[in-house]
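Both ligands and their constituent atoms are indexed starting at 1 by order of listing.
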Amino acid sequence: MGHFEIIIGILNIQTVLLGTSIGLLTYYIYGKLRYKSPPGPWSIPLIGDYKIYSNRQMHREVAALSEKYGPVVQISMGPIKAIILNNLEVVIEAMVKKKADFAGRPTFKSGNLFTEGGKDIALAPYNATWKFQKKVAGKALRYYMQGTHLETMISDVCDCVFDRMSKEKEPFVVTDYVDKLVIHMLFNMCFGRKCDLDSKDVNKLLQIDQDIIEKFGSGFIEDIVPGMTYVYKTKRWKDLERLIEEVTTFLRKELKEHKETFNSSNIRDFTDSLILAREEAENEEREENVAMLSDTYLVQILSDIFFAGLDTTRMTLDWFLSYMVAYPEYQQKCQEEIDDVIGKEESPSASDRPNLCFTEACIMEAMRMGAVAAFGVPHATICDTTVGGYDIPKGTMVLINHWALHNDPTFWKNVDKFDPYRYLTKEGKMDMKPENWLPFSAGRRVCLGEPVARTELLLIASSFLKNFRFKVPPGVTHSIKHRAPAAGTELPELYKVVVEKRNN
Ligand code: HEM
């Protein structure tokens with residue numbers, strides 16, 4: 001080969017390399033231009049939109065931003081990008097129409113600590129273990145709701161708490177009694193313990209739960225700075241580790257005691273139902289199912305049922321009672337309905353539900369106006385996908401802004417008004433559920449406890465109003481003010497009430 005051919009050969013190689021590079025660059029630039037990221041405010045690199053995500057009422061701020069950017073808004077939480085869905089159309093597209101695409105969960109250091117590495121249901125990744133556990137827990141809950149078990153237990157717990165509450169001589173904060181009632185109900189449901197207002201275990205768990213919300217409600221720097229705990233542990237982080245260890249130790253002890261006294265023909269509570277599910281899997285010789293119901297997984301399912309139900313239920317009842325005090329005419333209308341349907345002697349039962357429409361409508365409206373979980377539980381995409389015409393890469397954190405759905409003025413007439421009639425037909429019966437009313441979310445990750453929560457809420461709310469008339473002390477005016485004890489959680493400002501016993 002002469003010099004000429006060699007030069008031509010080199011030129012050819014150079015031409016091919018150059019051509020390939022230009023091709024790849026064009027493909028990359030074209031891809032970038034074609035790739036449509038959701039819009040959002042400018043953010044400081046690595047720090048992100050600190051002003052937005054450090055605001056405990058971020059749901060309100062993002063809903064306002066969506067007026068400028070549209071229903072899909074992107075913000076940066078430190079180095080983590082979050083996509084927030086702010087209207088029904090995009091929520092249904094992501095959670096219902098695209099089914100599994102948005103059914104993952106992001107992984108957080110604090111979440112892993114709470115759940116022994118995602119071994120629960122609520123924070124678990126979208127996989128076969130999650131699916132199986134949700135099925136088992138759903139079956140155990142349904143088992144528990146059969147017959148009159150739930151209503152008898154709620155009636156016993158209400159008697160126990162109301163007995164103490166009726167002894168109050170001075171104006172008092174009713175929230176304290178709501179908290180006690182709900183935690184005792186869950187103790188009974190999960191561990192079969194009768195109501196004992198002086199129980200050390202119950203009071204300690206309630207204190208831990210309140211501490212976790214009040215002290216850690218603004219989130220953890222450790223979730224935003226990966227690897228930080230390997231270098232340095234803050235005092236807050238160490239406190240969290242200690243509280244979680246206390247809770248897990250308690251749950252492990254309960255499971256151990258239940259296993260020692262378990263009798264499959266006498267299922268006492270939710271813990272027994274889970275042990276029964278494991279026995280069934282063992283009898284069917286389904287090794288893979290038995291492994292998914294090891295003690296660690298059972299403890300985590302118990303923790304989910306207990307804590308997912310505790311805060312959401314007690315906070316919803318706080319909102320309900322606060323609105324009942326603010327609107328005495330609605331309180332009275334609920335009481336008339338309750339007296340008519342239940343009678344003066346009986347306790348509310350699940351079969352009364354179809355006839356307690358006005359009371360149920362007041363609960364639904366309290367859930368709309370009071371945001372107990374404004375962003376629900378964060379989702380993550382499990383593949384590259386799209387929503388609202390924007391590209392969303394695999395592994396992106398996605399939040400549903402429930403507050404925005406519940407306060408969308410284009411959907412709700414007089415959006416700021418407490419109006420139970422929104423949910424009722426002209427005849428006073430329950431109407432179709434308004435599409436924008438989604439406190440339990442939708443799609444694959446929909447709240448597991450919705451049926452039990454709605455029944456519990458109605459039974460407890462009716463029991464409160466059946467037994468007591470709630471008022472503010474003479475000379476005091478009650479206007480509802482919102483406070484945000486934790487990110488994405490709003491509660492009414494604490495206020496004092498006086499109660500009059502009814503039906504004596
Ligand atoms: C007022 C009461 C309640 C409200 C407002 C509520 C709301 C929610 C919401 C918004 C989610 C997140 C759904 C999503 O990821 O899109 C959720 C998940 C969940 N809730 Fe509830 N909840 C309530 C009561 C309960 C109760 C009583 C239980 C248990 C008996 C429960 C168990 C769960 C579980 C296990 C999940 C995780 C589901 C999953 O990841 O697949 N919830 N809830």
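- Residue Arg454 places no heavy atom under 4.0 Å from ligand 1.
- Near Pro439, meaning under 4.0 Å from one of its heavy atoms, ligand 1 places the atoms 5 (C), 7 (C), 10 (C).
- Nearest non-hydrogen protein atom to atom 4 (C) of ligand 1 is Phe440 CE2, 3.5 Å.
- Remark: side-chain polar atoms of His379 are paired, donor with acceptor, to backbone N or O of Phe102 under 3.5 angstrom.
- At the shortest separation from atom 28 (C) of ligand 1 among protein heavy atoms lies Gly449 CA, 3.5 Å.
- At least one N/O-N/O distance between Arg105 and ligand 1 falls below 3.5 Å.
- Asn436 places no side-chain N or O within 3.5 Å of a backbone atom of Pro434 that could act as its donor or acceptor partner.
- Taking every heavy atom of Ser441 and a limit of under 4.0 angstrom, the matching atoms of ligand 1 come to 13 (C), 14 (C), 16 (O).
- At a threshold of 4.0 Å, the pair Glu116-Arg252 counts as salt-bridged, since one of the basic side-chain nitrogens sits closer than that to a carboxylate oxygen.
- Gly309 CA, 3.6 Å is the protein heavy atom nearest to atom 26 (C) of ligand 1.
- Look at Arg193 and Asp201 and you find a salt bridge, because one of the NZ, NE, NH1 or NH2 atoms lies within 4.0 Å of a carboxylate O, short of that distance.
- Each of the following atoms of ligand 1 lies closer than 4.0 Å to a heavy atom of Thr316: 1 (C).
- Annotation for ligand 1: atoms under 4.0 Å from non-hydrogen atoms of Ala122 are 37 (C), 40 (O).
- What sits closest to atom 23 (C) of ligand 1 on the protein, heavy atoms only, is Thr312 OG1, 3.4 Å.
- Polar contact with ligand 1: absent for Glu456 (N/O pair, distance under 3.5 Å).
- Protein heavy atom closest to atom 20 (N) of ligand 1, with residue, atom name and distance, is Cys447 SG, 3.2 Å.
- Checked by distance only, ligand 1 and Trp130 come closer than 3.5 Å through their nitrogen or oxygen atoms.
- At least one donor-acceptor pair under 3.5 Å links the side chain of Tyr495 to the backbone N or O of Ser322.
- Of the protein's heavy atoms, Val377 CG2, 3.6 Å lies nearest to atom 12 (C) of ligand 1.
- Tyr126 pairs with exactly one of Arg105, Arg444, Lys131 by the side chain to side chain donor-acceptor pair (under 3.5 Å) rule, that one being Arg444.
- At distances below 3.5 Å, at least one donor-acceptor pair connects side-chain atoms of Arg278 with backbone N or O atoms of Leu293.
- With no hydrogens or angles considered, no side-chain donor-acceptor pair links Gln133 and Asp304 at under 3.5 Å.
- The sulfur atoms (SG) of Cys195 and Cys160 lie less than 2.5 Å from each other.
- From Asn112, atom CG reaches atom CG of Leu123 across 8.5 Å, with rounding to the nearest 0.5 Å.
- For atom 36 (C) of ligand 1, the nearest non-hydrogen atom of the protein is Leu448 N, 4.1 Å.
- Here's the thing with Thr313: none of its N/O atoms is less than 3.5 angstrom from an N/O atom of ligand 1.
- Although no hydrogens or angles enter the test, the distance criterion places a donor-acceptor pair under 3.5 Å between the side chain of Thr381 and the main chain of Gly395.
- Between Glu337 and Lys333, none of the side-chain N atoms (NZ, or NE/NH1/NH2) sits under 4.0 Å from a carboxylate O, so this pair counts as no salt bridge.
- Checking only distances, Lys134 does come within under 3.5 Å of ligand 1, N or O to N or O.
- At under 3.5 Å, a nitrogen or oxygen of His379, whether backbone or side chain, sits near a nitrogen or oxygen of ligand 1.
- Less than 4.0 angstrom separates some heavy atom of Met367 from each of these atoms of ligand 1: 1 (C), 5 (C).
- The protein heavy-atom contact nearest to atom 13 (C) of ligand 1 is Arg445 O, 3.1 Å.
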